[in-house]
Number of protein chains: 2
Amino acid sequence: MQISSRFSVAVHVLALLATHRPTDGLLTSERMAGSVNTNPVVIRRILGQLKKAGLVEVRPASGGTFLSRQPAAISLLDVYRATEVVEAGQLFSIHEQPNPACPVGRNIQAALNKTLQRAQTALEQQLAAVSLQQVALDIAAKAAVGVG
Amino acid sequence: MQISSRFSVAVHVLALLATHRPTDGLLTSERMAGSVNTNPVVIRRILGQLKKAGLVEVRPASGGTFLSRQPAAISLLDVYRATEVVEAGQLFSIHEQPNPACPVGRNIQAALNKTLQRAQTALEQQLAAVSLQQVALDIAAKAAVGVG
DNA sequence: TGCAACTGTAACCAAGCGGGTTACAGTAAT
DNA sequence: ATTACTGTAACCCGCTTGGTTACAGTTGCA
């Protein structure tokens, strides 16, 4: 099954925050929802996860939402960990109750675990290597081309 | 969300086939289900996917099931591709309809795509690096220790 | 102080997937 | 023919997702 779009929506939201100018007024969940094209509640739920992870600061009422760190200090892995429900190290699910009376059943989990961990770690390292700043710059570059 | 356990069950089944001795009689879906601890139909469904991918040959009736290639020539990536419903390159899902009127909305998909592809490829390379033979040998080694 | 605007959450829904189960038709070896 | 197996359809339940409504809580500001 696919990894939830919560992750990409979260990156989207953070990119909005990273590129938002205070002079443009408040960046509310409704405006973010307009850019993502979803319901404001969906945005608020994701903002709640990002807040819990310490990536953003949300001030209720007309307070606004801000990044807690510089975009260069936020990696996509941070966002991934904040939004994925998957426990760390549990991207793959293994059948839980193989038959212990069978040599294969008894040892399959341990035999697979190493490899699956390595695979998952390889994926996460690629996410760790990209910062929100890079994404924001990439978007800005593309937007400039689109305009010009 | 987690990657379906179909994948690990498929590896389990293939490991059974790789270590099975013909003198031990037919390796039926029911016997495999006994080792995995699930329903025979679940095994048959997975065998169907493995068959379609050309990894096993299943002869109906009392014909038995066999690997189509040597265990050394079957990688876990082959198994992953055979069992995952996820289209190639679609491990991550991206929200489909961002607002084209917003610079971020218009460019987020392209900006994310590169990185997500890289992450997914990194995961798949780790799976490609491990063969069914290695898994079977690992299981045999562990089983020997367990017995001894 | 009271209003307006926003966030935080609970509650509910529909859709889709996963794994389990039953049932039964198809097929091959003996 | 009988027997033993595979192939598949059909159905179920539980879970996750994303969307939606509703409303209480909070804050800035007139």
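Order of the sequence lines sets the chain letters (A, B, ...), proteins ahead of strands, with each chain counted from 1. This structure is a prediction, so every number in the text was calculated from the model and none was measured.
Atom CG in Leu50(B) sits roughly 15 Å away from atom C1' in dG7(D) (whole-Å rounding). Spacing between atom CZ of Arg59(B) and atom P of dA29(C) amounts to 8 Å, rounded to whole angstrom units. Lys51(A) places its NZ atom 13 Å from the C1' atom of dC6(C), with the value rounded to the nearest Å. Atom CD1 in Ile46(B) sits roughly 15 Å away from atom P in dT8(D) (whole-Å rounding). Here dT16(D) presents its P atom at 17 Å from CD1 of Ile3(B), a figure rounded to the nearest Å. Distance CD (Glu96(A)) to P (dG19(C)): 12 Å, rounded to an integer number of Å. Look at CD on Glu57(B): it is 14 Å from P on dT6(D), rounded to the nearest Å. For Leu27(A) and dA5(C), the CG to P distance is 18 Å, given to the nearest whole Å.
A donor-acceptor pair under 3.5 Å is absent between the side-chain atoms of Asn99(A) and the main chain of Asn37(B), judged by distance alone. Proximity of a side-chain donor or acceptor of Gln125(A) to a complementary backbone N or O of Ala122(A) within less than 3.5 Å is not detected. Formation of a donor-acceptor pair under 3.5 Å by the Asn107(B) side chain with backbone atoms of Pro103(B) is found in this model.
Across all strands shown, Val41(A) has heavy atoms under 4.0 Å from base atoms, whether or not it also approaches the sugar-phosphate.
Of the candidate nucleotides dT8(D), dG19(C), dG8(C), dT8(D) has the atom lying nearest to any side-chain atom of Arg44(B). Which of dG7(D), dT17(D), dT22(C) sits closest to the side chain of Ser4(A) comes down to dT17(D). Across dT6(D), dC5(D), dT7(C), the shortest atom-to-atom separation from the side chain of Leu26(B) is found for dC5(D).
In this structure, CD1 in Ile3(B) is found 8.0 Å from CZ in Phe7(B), a value given to the nearest 0.5 Å.
Place Gly63(B) and Glu84(B) on DNA chain C by their nearest nucleotides, and Glu84(B) ends up nearer the 5' end. Of the two residues contacting DNA chain C, namely Met1(A) and Val42(B), the nearest-nucleotide position lying further toward the 5' end is that of Met1(A). Checking Ser93(B) against Glu30(B), the closest nucleotide of DNA chain D that is more toward the 5' end is the one next to Glu30(B).
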Q: Give the intermediate values and the outcome of side chain to side chain donor-acceptor pair (under 3.5 Å) for residues Arg44(A) and Ser29(A).
A: CA-CA 6 Å; Arg44(A) 281 181 237 152; Ser29(A) 65; 3.1 Å; yes

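Judged by atom type and distance alone, Arg45(B) does not reach the base of dG18(C) through any side-chain donor-acceptor pair under 3.5 Å.
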